[in-house]
Novice: 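First the structure, which I've put down as structure tokens, then a few questions once you've had a look.
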Amino acid sequence: MAGYPMPLAMASPGEVVRIADVRAGRGLTRRLADMGLLPGTVIRIINSQMRGPVVVEVKGTRLALGHGMAHKILVTR
Amino acid sequence: MGKREVLQAKDKSLSHLRTIYGDEAETVIADGRYGFISSLIKETLKKPAVEEVTLSDRVDRVLLNRIVGIPIFLVILYGIFQFVFTLSEPLMDRIDAGFDWLADQAIGISPQWLGSLLGDGVITGVGTVLTFIPPIFLLFMAIAVLEDSGYMARAAFVADRVMHSIGLHGRSFIPMVLGFGCNVPAIMATRTIDNTRDRLATILINPLMSCGGRLPIYALFAAAFFAAHEGIVVFSFYLIGMVLALAVAFLLRKSVLSGPSAHFVMELPSYRLPTLKGTIIHMWERGREFLIRAGTIIFGAVVLIWFLGSMPWGVEYGSEESWIGHIGGVFAPIFEPCGFGDWQAATALIFGFLAKEAVVGTFGVLFAAEEEGLGTVIGAQLGWTPLVAYAFMAFSLVYVPCAATVAMIRRETKSWKWTGFAIGYSLVLGWLVATLIYQIGRLFVG
Amino acid sequence: MAREITIALIGNPNSGKTTVFNNLTGARQHVGNWPGVTVEKKEGSLDYQGYHIRVVDLPGVYSLTAYSLDEVIARNFVVEGKPDVVVDIVDASSLERNLYLTVQLLEMGARVIVALNMMDQADLRGHSIDTPRLSHLLGVPMVPMSANRNRGTAELLREIVNVAEKKTQAKPLKIEYGREVEGEIANLEKLVSQTELSQRYSPRWLAVKLLEEDEDIARKFKE
């Protein structure tokens with residue numbers, strides 16, 4: 001079921017994906033973990049606009065991730 | 001001591017775990033916690049099989065839309081201003097009349113100097129400012145509703161694209177909107193920005209967001225010089241402030257404060273109907289700050305102004321020969337190119353440094369002898385045209401943060417250098433903007 | 001002479017903590033600053049059945065790692081301020097994420113009551129929570145609430161007095177982190193127990209924090 005990891009930015013609204021990797025510095029990785037985004041976590045894309053922030057649902061909460069972020073988080077379908 | 005051993009052991013443990021897991025220990029630990037929680041949830045939480053697209057999401061699809069999101073926000077902002085001003089006008093008129101009557105009664109008190117102090121000075125000065133309680137409180141209330149309903153987060157999200165192209169952060173947006181109420185709590189709100197440079201830039205541009213203290217200035221002159229177009233005129237200053245703030249931020253980030261921008265991660269709370277009680281408490285918290293400042297700083301400023309306006313002994317109150325006239329006279333020539341090279345204007349602006357509201361308070365004291373609308377009086381006595389009034393208001397918008405804001409900037413930046421910079425750049429920028437408006441405007445209006 | 005109880009309110013931003021605070025304290029609030037920093041400190045009080053309850057509102061945080069000033073302040077108050085009770089406001093409609101903070105509080109060994117807030121929102125979304133079972137599994141009292149409609153405040157107060165009076169030293173929650181990690185924890189725990197810091201903090205908690213590379217805790221060991 002798991003496909004090849006791709007940046008979160010490339011997923012489409014409605015898709016459910018699993019986080020494969022977070023390519024960020026320690027501080028940011030920790031902050032994302034605090035909000036529930038860890039490798040292995042399943043998230044659902046709510047809203048995604050080209051070059052704009054992405055809204056995902058993780059553990060029952062809506063998170064808005066800035067542009068740069070969506071490229072640092074790798075997911076698999 | 002045992003402590004050092006602990007630290008050494010820790011480093012060994014960390015590298016050991018890193019080798020085994022191929023990941024940092026803290027990720028494994030966070031994972032462990034979530035795993036534990038997950039097992040609890042499986043046992044105790046039942047969610048519907050398919051989480052339907054909620055109304056909240058549907059609303060968001062519109063409000064967060066790339067193209068429509070920002071215009072919607074501007075419309076909402078404009079709507080708020082209309083609401084605030086239409087509602088407060090009748091109230092303001094009544095309060096104004098009340099203070100006028102009170103001042104008249106006070107002047108009759110003997111000894112004469114006391115009557116003057118109370119009537120010309122304190123009551124008129126402080127009263128002019130307190131007249132603005134309705135719009136300022138209503139503005140705080142509107143901001144509270146925006147926050148409590150959850151819309152603020154959406155607005156920040158929408159603004160993030162614009163912010164990012166400036167080199168700022170979506171998170172910088174909220175302090176900017178708070179700045180419309182008062183710059184002091186707005187600057188405190190920059191705490192949530194982790195990146196130092198982003199935060200510094202946000203703090204430095206915040207005073208350009210037209211705060212409640214400037215409202216009296218706009219209301220006064222807009223009513224006198226642009227009657228029937230007041231709403232648009234006042235709104236134009238909020239817009240100018242925003243545009244300048246973004247422009248300055250852009251320049252700062254390109255030069256002095258350049259560096260990578262922090263990342264934007266924010267929770268979008270579900271939309272909520274704000275409670276009346278919660279909103280009122282919110283509004284009261286912030287409004288009370290304003291009242292206390294009006295009470296103390298402005299009271300002090302007004303007494304000081306009155307004193308300077310009455311000295312040397314026997315001089316005609318508030319005239320050019322009084323001490324205050326002299327002070328204003330020294331600075332007046334600087335404002336010639338801006339169109340308002342009058343000593344009264346210069347004096348008012350000097351006291352505006354204490355608190356922006358004091359500009360109006362000062363005018364109120366200096367022209368206390370008159371009865372009609374203060375704005376019209378100023379226009380008549382100083383020979384101002386609407387263009388001059390507009391340039392003056394623009395200057396008031398930009399120049400120098402008020403004393404309380406300066407104090408807050410110093411507190412949050414912990415640096416005299418940046419505080420000084422904030423004061424300096426805004427003075428220069430204010431002068432430039434006012435001069436440009438006046439000189440260019442003259443070519444068209446004459 | 002009224003008995004004094006001090007409680008701390010903690011929870012995620014947007015969990016309704018402010019509403020709970022307002023419901024408890026009404027107009028009797030006071031905003032100041034946490035000493036030495038520019039973070040706002042909100043305090044209030046109320047009288048309830050002969051008790052004078054002092055409520056300290058801690059900053060809204062997602063976690064108790066020392067990533068931000070807010071978290072350090074919240075954490076320090078729980079440890080050093082020694083409130084009688086820590087009320088953790090949890091958004092019931094976002095249960096999974098909110099419990100991350102709860103679990104960390106329990107690992108610290110704090111005396112916690114979980115206020116399960118926004119139950120009306122959870123109901124609306126079709127969530128059903130087995131509160132008694134969850135309370136039992138976590139080993140912590142849980143009070144369902146809808147602070148927006150001021151529902152649950154009385155029950156919360158009752159529970160607060162209950163817990164404050166019992167004065168039992170809560171046993172820290174222990175989460176199994178996997179054999180390798182647990183091995184390192186045990187090792188560090190032993191060394192930590194020999195330092196003075198183990199008087200104030202649970203050795204296991206310190207060990208876990210060290211492995212999390214918590215800057216605040218590491219600093220304490222460098223002094």
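Just so you know, these numbers use all the heavy atoms, side chains as well, and skip hydrogens, waters and symmetry mates. Every chain is numbered from 1 and lettered A, B, ... according to where its sequence line falls, protein lines coming before strand lines.
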Novice: Do the side chain of B:N206 and the main chain of B:P175 share a donor and acceptor less than 3.5 angstrom apart?
Specialist: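 Here the side-chain-to-backbone pair exists.
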Novice: Quick one: are the ring centres of B:Y34 and C:Y100 less than 6.0 Å apart?
Specialist: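 Ring centres of C:Y100 and B:Y34 closer than 6.0 Å.
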Novice: Given heavy-atom pairs under 4.5 angstrom as the criterion, report whether the side chain, backbone, both or neither of B:K277 touches chain C.
Specialist: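 Contact with chain C is through the side chain of B:K277 alone.
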Novice: Tell me, side chain or backbone of C:P13 under 4.5 Å from chain B's heavy atoms, or both, or neither?
Specialist: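 Contact with chain B involves the backbone of C:P13 alone.
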Novice: Using a 4.5 angstrom heavy-atom cutoff, name the option from C:N12, C:L197, C:I175, C:N23 with the most pairs to chain B.
Specialist: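 Going by pairs under 4.5 Å, I would pick C:I175.
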Novice: Counting only non-hydrogen atoms closer than 4.5 Å, can you tell me which residues of residues 134-153 of chain C sit against chain B?
Specialist: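 If one takes a 4.5 Å heavy-atom cut-off, the residues of residues 134-153 of chain C near chain B are C:L134, C:L137, C:L138, C:N148.
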Novice: So for C:L173, is it side chain, backbone, both, or neither that comes closer than 4.5 Å to the heavy atoms of chain B?
Specialist: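 Side chain of C:L173 only, per the 4.5 Å heavy-atom cut-off to chain B.
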Novice: Measuring heavy-atom distances to chain C, does B:I29 have an atom under 4.5 Å in its side chain, in its backbone, in both, or in neither?
Specialist: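 Its backbone and side chain both get close to chain C.
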Novice: Check each atom of C:K220 against the heavy atoms of chain B and say whether the ones under 4.5 Å are side chain, backbone, both or neither.
Specialist: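 The answer is the backbone of C:K220.
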Novice: Is B:I37 close to chain C through its backbone or its side chain, or both, or neither, when contacts mean heavy atoms under 4.5 Å?
Specialist: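 The side chain, not the backbone.
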Novice: Of all of C:E107, C:E176, C:Q121, which one pairs up most often with chain B through heavy atoms under 4.5 Å apart?
Specialist: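 Result: the option with the highest number of such pairs is C:E107.
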Novice: Could you check which of C:G126, C:G178, C:S128 has the highest count of heavy-atom pairs closer than 4.5 Å to chain B?
Specialist: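 Max contact count across the listed options: C:S128.
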Novice: Got more than 12 heavy atoms from elsewhere within 6.0 Å of NZ, C:K190?
Specialist: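 At most 12 heavy atoms, drawn from other residues, nucleotides or ligands, come within 6.0 Å of this atom.
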